[in-house]
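Report on one structure; see the data block that follows.
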Amino acid sequence: MAGQTVKRVVIAGGGTAGWIVAAALSRQLGPLIDITLVESDEIGTVGVGEATIPTHRIFHHLLGVDERAFMRATKATFKLGIAFENWGQIGDRYIHSFGVVGKSTWMADFHHIWMQAREMGLASDLGDYCFELKAAEANKFATSDTSQINYAYHLDASLYAGFLRQFAESFGARRVEGLIEAVEQNPETGFITELILKSGQRIEGDLFIDCTGFRALLIDKTLKTGFTDWSHWLPTDRAIAVQTKATGPALPYTRAIAHDAGWRWKIPLQHRVGNGLVYSSAHLSDDEARSRLLAEIDGEPLTDPRVIRYRTGRREKVWVKNCISIGLSSGFVEPLESTSIHLIQIYASRLVQMFPFSGFSDALATRFNDLARIELERIRDFIVLHYKLTERTDSDFWKRMGTMDIPESLQNRIELFRDTGLAYQEKAELFQVDSWLQVMMGQRLQPQGRHHLGRLMSEDQMKMALNGLRTNIANAVTRMPLHQDFLDQYIREPDLS
């Protein structure tokens, strides 16, 4: 349908996904298109994705979102990374921080020099050479307009959707309340023509965005798009979430604590703590999971625990005809590395760049689908890495994860790092070398080889370089305020008197 004018955009579903899309389109393309978002108060949102990654800040910068206003509205705290507990072996702990480890050269990454220094007895722990990691361990945080610190946020997803709704509506997006009862298609082309609401109201459009979550009302129920299942690599299929009162100052990192059938998250916000238990229903019943979560939380529960069922995998196509699925309707890996909100933002941003103003093109949809597939598969590999590298044999779940076959793309990465110490980041890949390094080393994957750049340095040169870097980081962290103290000051309402 090339040549057709595409102006009327209909977003099916609100929540975090719908309002991120509405915010991006209205802010960037508002004068060129009409945006209608349809959501029903009768349908709740999943709303437990309360942790983000640093790309969140880039998205907000593109939209011109004020950080302090956003943090006040969403009860957000700062996040420097994720602490992984009991993943390699029971009792293990490491932090996957958002920072850069050491100072690398064009010839080789820093950890090759560090391995040489460690062999010579000159190096301390690898984490001592990462500013964000040491700040997280010390429960410190600070930022400013000139700061280079890498960070993200913990936020209340429901409040974030409300914040973005106000933002999008200020740029012309229109919300229609109602339950979608039917989806009409052109009988000849199969293109979606309108949504019919329970009230009888009809919402016509040119482009439809499916943000209906796991229901996938448009992309699957209507357009019958296939689904590629990844549960043989990621067998967790349940999560139980509960909110609790805070029992102490907010930490500047997420906790991911492995248990015998999955893992548990703990996410500190300003006003409460988000808790959840991720598990495989083949290894743990819902009742057992609920009891375990309630036994392990610290504060008083503020909500009733609720079970969220999901299937890991992706839509074979996220753009079909005149419909694009964004959010949970497009696929789901699992929440381990806090990528769900990022994927919504990157799809929304890409749609701004690839908007079909002049009509629908198979080539355009193919390009969008290829990028989405590659992106999600690389994220999948990074998350599978955490499970595959376990040395736990204390339960059937972990025995299965440690011995399972994995995607060839991931197997090649593991073998490359094990044999040579080489880690890499593909073009446009989300997780950088420092992320792969911290997880692989954190879970006991020790390289057998390395680049010999370190042998070109004298012992004195190596001592000076490593001691200087470690000391500068330690001194900088010492000067930082505690995270809670900085947060309280940073989000304080301005005095307008």
Side-chain angles (χ1 to χ4, degrees), residues 54 80-85 87-89 91-138 140 148-151 253 337 381-382 385-386 388-391 410 412-426 429-478 480:
L80 290 169
I82 305 172
F84 287 92
E85 304 172 34
W87 282 80
Q89 293 182 3
D92 283 358
R93 181 181 184 275
Y94 71 93
I95 293 179
H96 167 207
S97 76
F98 296 140
V100 174
V101 180
K103 292 185 177 180
S104 298
T105 73
W106 70 269
M107 194 183 305
D109 290 315
F110 171 81
H111 63 275
H112 293 274
I113 301 173
W114 174 81
M115 286 188 285
Q116 176 70 35
R118 180 182 58 174
E119 186 176 284
M120 298 167 63
L122 303 177
S124 59
D125 290 342
L126 183 62
D128 290 344
Y129 306 95
C130 178
F131 173 57
E132 286 82 356
L133 191 152
K134 298 307 292 183
E137 286 183 338
K140 299 287 193 74
Q148 299 298 310
I149 190 169
N150 297 299
Y151 65 91
Y253 55 86
E337 282 284 353
D381 281 4
F382 188 66
L385 175 75
H386 298 66
K388 178 61 179 178
L389 292 186
T390 189
E391 295 181 359
L410 175 58
N412 291 340
R413 279 193 193 247
I414 292 175
E415 291 176 0
L416 180 66
F417 186 77
R418 182 195 62 211
D419 295 344
T420 70
L422 289 172
Y424 63 89
Q425 178 189 11
E426 296 281 12
E429 184 173 3
L430 174 61
F431 292 105
Q432 301 178 0
V433 168
D434 301 280
S435 291
W436 288 92
L437 172 67
Q438 289 177 88
V439 174
M440 289 191 288
M441 295 287 280
Q443 294 197 204
R444 300 170 173 267
L445 181 61
Q446 296 295 326
Q448 298 170 7
R450 62 173 178 270
H451 194 285
H452 285 188
L453 171 64
R455 296 177 63 181
L456 299 176
M457 303 172 67
S458 69
E459 184 172 321
D460 287 343
Q461 286 175 321
M462 192 169 287
K463 280 183 180 178
M464 184 178 299
L466 293 180
N467 290 344
L469 181 59
R470 182 176 62 244
T471 300
N472 288 341
I473 289 173
N475 289 340
V477 171
T478 298
M480 296 174 78

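All heavy atoms count here, side chains included; hydrogens, waters and symmetry mates do not.
Taking the salt bridge (Lys or Arg N to Asp or Glu O under 4.0 Å) definition, one finds that Lys463 meets it with Glu459, sequence neighbours left out.
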Stepwise ring-ring contact (aromatic ring centres under 6.0 Å, His included) check, Phe110 with Tyr129: CA-CA 10 Å; Phe110 171 81; Tyr129 306 95; 5.4 Å; yes

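For Met464, the CE atom is loosely surrounded, since the number of other residues' heavy atoms within 6.0 Å does not exceed 12. Heavy-atom contacts from other residues, nucleotides or ligands closer than 6.0 Å to CD of Gln446 number more than 12. Heavy atoms of other residues, nucleotides or ligands lying less than 6.0 angstrom from CZ of Arg93 number more than 12.
Considering every non-hydrogen atom in both Lys140 and Val477, the closest pair reads NZ-O, 3.1 Å. In this structure, Lys134 and Asp128 approach most closely via the heavy-atom pair NZ-OD1, 3.0 Å. The heavy-atom pair separating Pro447 from Gly421 by the smallest distance is CB-CA, 3.7 Å.
The shortest side-chain heavy-atom distance between Trp436 and Leu385 falls under the 4.5 Å cut-off.
Each of His111, Arg455, Arg450 was checked for a side chain to side chain donor-acceptor pair (under 3.5 Å) with Gln116, and the lone residue meeting it is Arg450.
Between the side chains of Glu391 and Gln89, at least one donor N or O sits under 3.5 Å from an acceptor N or O. Between the side chains of Tyr94 and Gln438, no donor-acceptor pair is found at a separation under 3.5 Å.
A salt bridge is defined here as a Lys NZ or Arg NE, NH1 or NH2 lying under 4.0 Å from an Asp or Glu carboxylate O, and Lys388 with Glu415 fails to meet this definition.
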